[in-house]
Amino acid sequence: MNDTVTMYHNPRCSKCRATLELLKTEAIEPEVVEYLDNPPDRETLASILDMLGLEPRELMRAHEKEYAEAGLDNPELSRDQLIAAMVQFPRLIERPIVIKDGKAIIGRPPEKVLDIL
């Protein structure tokens with residue numbers, strides 16, 4: 001199995017910082033992806049959604065201004081359209097996301113990431 005742990009991280013987010021610190025406390029040095037600067041592409045984001053068992057809207061931060069400005073509350077938008085919006089506006093992606101061995105979890109609260117380690 002692949003021992004790599006990947007974390008989609010926003011250094012300005014307190015939950016991200018706490019999750020990263022928790023991983024380090026567990027002697028895990030994750031591959032950190034600062035997704036605001038290096039957003040996942042469509043395929044990667046679709047894969048993350050599948051690992052999480054979520055639909056795009058369930059991973060979206062609906063209170064961000066981009067959500068309202070882009071009309072993402074429209075129920076007629078397809079999965080592909082919502083994924084494209086998250087790629088275009090990565091701030092919409094809920095965080096932190098930790099991935100290991102084909103499993104993913106959102107670190108809210110940070111201790112949840114221990115479930116996949």
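Hydrogens, waters and symmetry mates are skipped; everything else that's a heavy atom, side chains included, is used.
Here CZ of R95 is found 11.5 Å from CD1 of I106. Values are rounded to the nearest 0.5 Å. With rounding to the nearest 0.5 Å, the separation of CG in L72 from CE in M60 is 4.5 Å. Note that the CG atom of L49 and the CD1 atom of I83 stand 5.0 Å from one another [nearest 0.5 Å]. The CG atom of D101 lies 8.5 Å from the CD1 atom of I116; values are rounded to the nearest 0.5 Å.
Residues L45 and I93 form a side-chain contact, since some pair of their non-hydrogen atoms from C-beta on lies under 4.5 Å apart. L77 has its side chain out of reach of P56: every pair of non-hydrogen atoms, C-beta onward, lies at least 4.5 Å apart. In this structure the side chain of V113 never reaches within 4.5 angstrom of the side chain of V5, judged on heavy atoms. Contact annotation: the side chain of D3 approaches that of K100 to within less than 4.5 Å [non-hydrogen atoms, C-beta and beyond].
Listed by first and then second residue, the side-chain hydrogen bond (donor to acceptor under 3.5 Å, both in side chains) pairs that reach into residues 8-33 come to none, sequence neighbours excluded. Note on residues 66-75: pairs passing side-chain hydrogen bond (donor to acceptor under 3.5 Å, both in side chains), not counting sequence neighbours, are R57-Y67, E66-R91. The salt bridge (Lys or Arg N to Asp or Glu O under 4.0 Å) analysis of residues 33-55, with sequence neighbours excluded, yields the pairs D50-R79, E55-R79. Annotation: side-chain hydrogen bond (donor to acceptor under 3.5 Å, both in side chains) contacts involving residues 105-117, sequence neighbours excluded, comprise E94-R108.
Connection of I105 to L54 is not established within any shared hydrophobic cluster, with ILVMFWY side chains joined at heavy-atom distances below 4.5 Å, either directly or through further cluster members. In this structure, V98 is not a member of the same hydrophobic cluster as V33, with clusters built from ILVMFWY side-chain heavy atoms closer than 4.5 Å. Criterion: ILVMFWY side-chain heavy atoms under 4.5 Å apart, direct or through other members. Under it, L82 and F89 are part of a common hydrophobic cluster.
By the side chain to side chain contact (heavy atoms under 4.5 Å, CB included) test, A104 pairs with M51, L52, I97, I99, sequence neighbours left out. Partners of Q81 under the side chain to side chain donor-acceptor pair (under 3.5 Å) rule, at least two apart in sequence or in another chain, are S78. Looking at residues two or more places apart in sequence or on another chain, you find a side chain to side chain contact (heavy atoms under 4.5 Å, CB included) between P39 and P90.
Between L92 and A85, the shortest heavy-atom distance links the atoms CD1-O, 4.1 Å.
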